[in-house]
Every structure is written in structure tokens, then in C-alpha cells.
Q: 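Next up is a structure, given as C-alpha cells.
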There are 2 protein chains.
Amino acid sequence: MELQEGRQKFIQSWGTLGSHWGINRTMAQIHALLLISNEPLSANDIMEQLNISMGNTNMNIRALIDWGLVFKELKPGERKDFFVAEKDMWEVVKRIITQRKKKELEPMLRVLEDISNVEGNDAKTEEFKKVVKDIQLFSGKADSALDNLVKADSNWFIGTFMSMIK
Amino acid sequence: MELQEGRQKFIQSWGTLGSHWGINRTMAQIHALLLISNEPLSANDIMEQLNISMGNTNMNIRALIDWGLVFKELKPGERKDFFVAEKDMWEVVKRIITQRKKKELEPMLRVLEDISNVEGNDAKTEEFKKVVKDIQLFSGKADSALDNLVKADSNWFIGTFMSMIK
DNA sequence: CTTATCTTTCAATAAATTTTGAAAATTTAG
DNA sequence: CTAAATTTTCAAAATTTATTGAAAGATAAG
């Protein structure tokens, strides 16, 4: 396989994978492109290599920076901004977990807290409260587990699971 | 808060949460509705309570069954199919991990394997191979870790993370 | 077999999301 | 300061994804 074909396949697949992880397709493709570029790229480079518009490029780069998956790099003497990808995969995963926890799990926890105060003591209400409490308990644990996971280092995490051999 | 309002909020939030987890909004809402119903519901019940069409109901129920998040239950003497939700949250999470691993991670692993054979030994090719190999290594480990996670029981998992206190 | 009930399919439609590109805003060199 | 380069914004357009509903397909009771 030619390098060019390989690069293209990688960018496509990374885009697809990302789009299932709260990172839209283009955003993930930009990340992929930066991953396989040994030097920082400008917004213009990205735009040309991926055939996307300036506006699209700009918005997705900023989203990536916001997620902590891409960093801005200023080249001395250059006026343009250049960008590099976070290449440590464990770091990438942790950033994604952090963002999604904030945007999804935490709001859900607030709703659960809110609705756990429904009034009434009939059977239907009790059943509802029971289900909510159950989910609340589980979600709270998941939240803490993810906090710890993000603090953990890659080797610990992988090692723990690998050694289970259960 | 009234029970009815609480139920509504729960269904909405679960729908939103689900839509970020590869489960579309309606699919997650159906699961939510079944979670808080103490008795099995028919497709018709679901359709009426969520104000969605028959076709939509049917397709999403089948998707949920496919994911292992909902089960069909036949009531003796009744002609209709009835449905109940998987209520064990750890089980729910495991099913989602299993499905997504199959649909996302595994295809990515195949692509990585495929593109790790690019030809050429110039600097660019070497760099590309290095990045791919790195991701391949990490993804492989993640894959195994998830396999183990799915085999593990809830207490082990939560316990391990909770006790880290790092 | 016939009929009533229930389930499934799928093309058309609607809704949601992403992308574009032109205009506005910002930045920096001179 | 002015002007050129670069970045940002955002309404309109394109694309993707989800939903509808009518028709076809099952299923089982009589």
C-alpha cells in the first residue's frame, strides 16, 4: 500500500471512530491529520489537505483545542498559527472522558437529584423513586470511578485489567 | 414535583444521555419508559406514551433488543408482544461497551492492521508507521481491557477504582 | 380458509447537524 | 496610523440522520 493511500484510510477511519465519541467527523479528521504530520500545520494547510472550508477548519480546530486534543504552536517569524495534536493516546482518552463526563454525566446527575424529590407515596411513585435512586447510586459511583481513572496513569489502568485473567 | 413531571424529565434526560452513547434519542427514551414502568408494555403502550409512530417504535424496540437492553415478554393469553427493560445498570453499561467495541473499536483495529503495511522507507513513511504502530498498540490494549471489564462484576470494577485514593 | 390483530418494511418527509463562504473582526508589520 | 494577512462569525445551504405512515407481511383464533 502506498503511503498516500494509508494516510487517507487512517484519516477516514479516525473520523468515523471520532464521530461516535462526541467528536464530529471533521474534528476527528483534523486530529488524525495532525497526528500523522511530523510538523505543525497551519489552518491553511489543514484546509487544503482535507478539502474543507476555512470556517469549518477554524471552528473544529478551536473545538479540538477546547477539548485539549490539539495545541496551538507559534513559529517564530511566522504570522500564522500552527497546530499540533496530542499524540499520547492515553492522554487523548482521558481528555475525552473528562469532556464527556462534564457534558453528559454531570447534567444527568443533577436531573436525578432533582427528580428524586417527587411527591406522593403511592405504589407508582415509590417504584419511580426506587428506580431513580438505583440509577443515582450507580451513576455516582461511575462518576467517581471515572475521576479516578483520569487521575490514574496508563500503565496502572491497562495493567489492572490485563492481570485479571478472569 | 409531581410524579408525571418527574417521569417526563427522566425520559427526556435519559434520551439525551443515550443519544451521546450510540443509542438514538428515541431508543433511549423507550428504554427509559420501560425502566420506570413496573409492568411490561406493549408496542402500542410505548407509542402512545411517547407520542411516536408505530414504525419508529418498532424499529427502536428491535434495536434495543439487539443491544440486549430490552427483552420481549409474552403474556399468556395476550396476542401482543410486551417488553421489559434491562434494569441492572452495570449490565446496561456492559451491553453498550460490547456493542460499541464491536461496531467501532474492532473495525478500527482492522484498518490499523491494514495500513501498517505501507511501503517505502523514507522519513515520512517511517513516521507514519510509527504513529500507526503506537495507536495499534494502545488500541489493542484497550480492546483487551474492555474484554476484561465486561467479564468483571460491578463490585470489582467500582471497588478497584474507589480504593485507589490516589 | 378467512379474518382480525399485530408486526415489519421502506420510500417519502421532517428534523437535526454540519459545512460553506462572504463579511466582519482582529492582529501585526511597516 | 494604514494596509495586508489571518482569524472569527454566522446565516444560508447541504448533508446526514431520524421519523412517519401506508402498505405488505405475519400470526393465530375461529
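Throughout, protein chains are lettered first and strands after them, A, B, ... in sequence-line order, and every chain is numbered starting at 1.
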Q: In this structure, how many angstroms lie between the P atom of C:dT8 and the CG atom of B:Leu64, rounded?
A: 13 Å
Q: Walk along nucleotides 19-30 of chain D from 5' to 3' and tag each nucleotide B, S or - by protein heavy-atom contact under 4.0 Å, base first, then sugar-phosphate.
A: SBB-----BB--
Q: Is the shortest side-chain N to carboxylate O distance from A:Lys101 to A:Asp147 below 4.0 Å?
A: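 The answer is yes: the pair qualifies as a salt bridge.
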Q: Does the side chain of A:Asp122 pick up a donor-acceptor pair with the side chain of A:Thr125 at under 3.5 Å?
A: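 Their side chains do contain a donor-acceptor pair, which is all the 3.5 Å distance test asks for.
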Q: Between A:Arg62 and A:Glu78, which has a closest nucleotide on DNA chain D that is more 5'?
A: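 So the residue in question is A:Glu78.
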Q: NA contact type, B:Asp81, heavy-atom cut-off 4.0 Å: base, sugar-phosphate, or nothing?
A: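 B:Asp81: backbone/sugar contact only, no base atoms under 4.0 Å.
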Q: So, are A:Glu104 and A:Arg110 salt-bridged, with charged N and O less than 4.0 Å apart?
A: no
Q: How about B:Arg100: does its CZ atom have over 12 heavy atoms from other parts shown lying under 6.0 Å from it?
A: yes
Q: Could you state the atom-to-atom distance from CE of B:Met47 to P of C:dT5 in whole Å?
A: 15 Å
Q: Keeping B:Glu86 on the side-chain end and B:Asp88 on the backbone end, is there a donor-acceptor pair under 3.5 Å?
A: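 Checking the backbone N and O of B:Asp88 against the side chain of B:Glu86, a donor-acceptor pair under 3.5 Å is found.
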Q: Measure from NZ on A:Lys80 to C1' on C:dT26 and round the result to the nearest Å.
A: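 About 17 Å, once rounded to whole Å.
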Q: Relative to each other, are the rings of B:Phe10 and A:Phe128 parallel, tilted or perpendicular (30° and 60° limits)?
A: perpendicular
Q: If I take atom NZ in residue B:Lys72 and atom P in nucleotide C:dC6, what distance separates them, rounded to the nearest angstrom?
A: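 Computing the B:Lys72:NZ to C:dC6:P distance gives 14 Å.
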